[in-house]
Amino acid sequence: MRELGHEFFARSVHEVAHDLVGCTLAVGETAGKIVETEAYDATDPACHAYIGRTARNEVLFGPPGRAYVYLSYGIHSLLNAVAEPEGSAAAVLIRALEPTAGIELMRERRGRDELEELCSGPGKLTEALGVGLDLNGADLTAPPFALHPPGRSWNGTAVITGPRIGITKAAELPWRYCAAGSRFVSRPRPVSLQRPGRRREARV
DNA sequence: GCCAGGATCGTCT
DNA sequence: GACGATCCTGGCG
């Protein structure tokens, strides 16, 4: 089976985010098909690299094809794929997977049985795959990671775009990419999809 | 089924 | 000392 190489990631972050949907991501014995991603680049106020280079976002400025893993809300590790040539800071957030291998192990790690609850969110899938901060900066094209392009059955599946989720800055940018009709995409609260600045509009 | 609130900690001001 | 690219639980209808 073919694997993606570094050249796949050395392109516009939007192309990479779009093309990653449908690919299979494996970490150790677990694997899943990517069904939801988001693009972040350095011109984007929501991107960690927007404020410039720091110790935390160092990996974003490095060579493409690496994993950028960071801790969100002090609890969840979030997995990104670094894109664009070295020196250009951009990354694709992996938001959801459709589990395809190592499902029993995922269930143990997640403490859940339902397939839809294993990887349907950026914090969930890192727990299911066993991705932690220790993998920050690791090469996505080498063990324990492996990335494979979509198989034949994927041909014809639409990738739809929409606003990003769970952020307060530049949330209106349509830089989220989803596999159309997938049951495994994350399910954000409707409020997250409303326009910014109106998040707590009084009801009644 | 929907919503509000809490958990928890690395990073930056 | 404040703030998240989140998730889960409990209370209510």
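Just so it is clear: chains get the letters A, B, ... in the order the sequence lines come, proteins before strands, and each one is counted from 1.
Under a 3.5 Å cut-off, the side chain of Asn80(A) and the backbone N or O of Ala91(A) do not form any donor-acceptor pair. Judged purely by atom type and a 3.5 angstrom limit, Glu36(A) uses its side chain to pair as donor or acceptor with the backbone of Ser186(A).
Leu79(A) has its CG atom 15 Å from the C1' atom of dT6(C), to the nearest Å. The distance from atom CG of Leu60(A) to atom P of dA5(C) is 13 Å, rounded to the nearest whole Å. For the pair Leu125(A) CG and dA5(C) C1', the computed distance is 12 Å after rounding to whole Å. Atom P of nucleotide dA5(C) and atom CG of Asn80(A) are separated by 11 Å, given to the nearest angstrom. Summarising the geometry, the separation between CG on Leu173(A) and C1' on dA5(C) is reported as 13 Å, rounded to the nearest angstrom. Summarising the geometry, the separation between OH on Tyr70(A) and P on dG4(C) is reported as 11 Å, rounded to the nearest angstrom. For the pair Glu127(A) CD and dA7(B) C1', the interatomic distance rounds to 14 Å; values are reported in whole Å. In this structure, CD1 of Ile167(A) is placed 7 Å from P of dA5(C), rounded to the nearest angstrom.
With Arg112(A) as reference, Glu117(A) is the one residue of Glu117(A), Lys124(A), Arg107(A) to meet the side-chain contact (heavy atoms from CB on, under 4.5 Å) rule.
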Give each protein N/O atom lying under 3.5 Å from an N/O atom of nucleotides 8-12 of chain B, with the pair distance.
{"unit_1": "dT8(B)", "atom_1": "O2", "unit_2": "Tyr73(A)", "atom_2": "O", "d": "2.3"}
{"unit_1": "dC12(B)", "atom_1": "OP1", "unit_2": "Thr54(A)", "atom_2": "OG1", "d": "2.3"}

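At the heavy-atom level, Lys124(A) lies under 4.0 Å from the strands shown only through sugar-phosphate atoms.
OP1 or OP2 of dT6(C) lies within a sub-4.0 Å distance of a side-chain N or O belonging to Arg95(A).
In terms of position on DNA chain C, the residue among Pro122(A) and Lys169(A) whose nearest nucleotide sits closer to the 5' end is Lys169(A).
The nucleotide dG1(C) finds its pairing partner in dC12(B), both defining distances of the Watson-Crick or G-U wobble pair being shorter than 3.5 Å.
By the neighbour-count criterion of 12 heavy atoms within 6.0 Å, atom CD of Glu29(A) is sparsely surrounded, having that number or fewer from other residues, nucleotides or ligands. The number of heavy atoms from other shown groups lying within 6.0 Å of CZ (Phe61(A)) is above 12.
Note: His18(A) and Tyr177(A) have perpendicular aromatic rings, judged against thresholds of 30 and 60 degrees for the angle between ring planes.
In terms of heavy atoms, Thr37(A) sits closest to Ala17(A) at OG1-O, 2.9 Å.
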